[in-house]
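Written below as structure tokens is the structure these notes are about.
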Amino acid sequence: MVNLNWALCAGLVAHVAATVAPGFPVRGSPDLNVTWDDTNVNQPGSLLPRAETAKPPSEISTPVWTGRGKAILMFVDLDVPRNGSRVQLLHWLTANVTRPSSDTQTLKTNDASLDIAPYLQPSPPVNDTPHKYTLLLFEQPVNFTIPARFKDAIKERVGWDTAAFVNATGLGDALAADWIRVENRTTGAGVNASASATSSASASASETLGPSATPSDYAGAAAGMKEPGAWLGVVVMAGLMAVVL
């Protein structure tokens, strides 16, 4: 019994320390150090105000790097409601990311011309649960290209398949990752403010269902329902340890 409890504790620790959102199909470790606006994501899974995610992260740094000198960043929402389930939405895909010098861990990402899919602001439907967004850093393969079968998916964004894209392009496991949660409390026309962030109008509409809409066909999207933060795992783990001791 003791061994089982310690196993459960270890599993909870792994969940709390996860650098990708729970249920995300691609692994990533260790943490990226990410700052949105003036908010540094000190703990994976932090809940950020939507307003602070209007632009791409203002700073991203990583403790690991690639010998090839270039990397790819991908930012994906795991929780877009569609037909009674949750699907992925591609929010950002950019290539040829570099570190300016060997004495800094900060990435150079402010060149929008390198974006394969321009940054799209997180905009969960109003009153939906906080959506989980994972940011991944991959080593960029030599002669990296976008497979033809993904070109439409990049334009549409909704229904994105991270695992299939990673397999098709040979990206492998992410070098590092981080994830945040974003909740939309906006009302009125501001809900669709992110439409200008991309040339694809359908990309904005795919995540934002309207000024006051809620995805009522999905049981987990009841108004006011909130996902537990990472702290919940810590509390449960502490309880299990108390039982063991």
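Computation of the quantities below employed the complete heavy-atom set of this structure, encompassing side-chain atoms and omitting hydrogens, waters and symmetry-equivalent molecules. Note that this is a predicted model, so its numbers are computed, not measured.
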* Structure fact -> residues 30-53 vs ring pair (Phe, Tyr, Trp, His ring centres under 6.0 Å), sequence neighbours excluded, gives W36-F75

* Pairs satisfying ring pair (Phe, Tyr, Trp, His ring centres under 6.0 Å), at least one member in residues 43-72, at least two apart -> none

Would you give the length of the straight line joining atom [atom1] of [X] to atom [atom2] of [Y], rounded to the nearest 0.5 angstrom?
{"X": "L114", "Y": "N96", "atom1": "CG", "atom2": "CG", "answer": "5.5 Å"}
{"X": "L175", "Y": "F138", "atom1": "CG", "atom2": "CZ", "answer": "8.5 Å"}
{"X": "S61", "Y": "L137", "atom1": "OG", "atom2": "CG", "answer": "10.5 Å"}
{"X": "Q140", "Y": "I72", "atom1": "CD", "atom2": "CD1", "answer": "4.5 Å"}

Tell me, please, which residues at least two apart from [X] pass side-chain contact (heavy atoms from CB on, under 4.5 Å).
{"X": "N167", "answer": "none"}
{"X": "A117", "answer": "L90, L93, I154, R157"}
{"X": "T162", "answer": "F24, P25, V26, M74, V76, Q88, W160, V166"}
{"X": "A176", "answer": "P30, L32, T62, V64"}

Least distance between heavy atoms, [X] atom then [Y] atom:
{"X": "D37", "Y": "T35", "value": "O-CG2, 3.5 Å"}
{"X": "T98", "Y": "G69", "value": "CG2-O, 3.8 Å"}
{"X": "Y119", "Y": "P57", "value": "CE1-CD, 4.4 Å"}
{"X": "K132", "Y": "P22", "value": "CE-O, 3.7 Å"}
{"X": "P122", "Y": "R50", "value": "O-NE, 3.1 Å"}
{"X": "H131", "Y": "P81", "value": "CE1-CD, 4.0 Å"}

* Answer yes when R185 and E183 have at least one side-chain N-carboxylate O distance shorter than 4.0 Å, and no when they do not. => yes

* Audit row: N40, N33, side-chain hydrogen bond (donor to acceptor under 3.5 Å, both in side chains) steps and yes/no -> CA-CA 8 Å; N40 181 260; N33 185 5; 2.8 Å; yes

* If you measure only the distance, is there a donor-acceptor pair under 3.5 Å linking the side chains of T66 and E139? -> yes

With a 4.5 Å cut-off on side-chain heavy atoms, are [Y] and [X] touching?
{"X": "L120", "Y": "L89", "result": "yes"}
{"X": "V34", "Y": "W179", "result": "no"}
{"X": "L73", "Y": "L135", "result": "yes"}

[X]: what forms a side-chain hydrogen bond (donor to acceptor under 3.5 Å, both in side chains) with it, not counting sequence neighbours?
{"X": "S58", "answer": "none"}
{"X": "T169", "answer": "none"}
{"X": "R27", "answer": "D173"}
{"X": "E52", "answer": "T39"}

* Tell me, with the steps shown, if R86 and D79 meet salt bridge (Lys or Arg N to Asp or Glu O under 4.0 Å). => CA-CA 5 Å; R86 298 282 179 171; D79 296 316; 5.2 Å; no

* Structure fact -> Contacts satisfying salt bridge (Lys or Arg N to Asp or Glu O under 4.0 Å) that involve residues 112-126 (not counting sequence neighbours) are none

* Are the side chain of T134 and the backbone N or O of A21 linked by a donor-acceptor pair below 3.5 Å? -> yes

Ignoring hydrogens and angles, write down the donor-acceptor pairs under 3.5 Å from the side chains of residues 143-150, residues two or more places apart or on other chains.
none

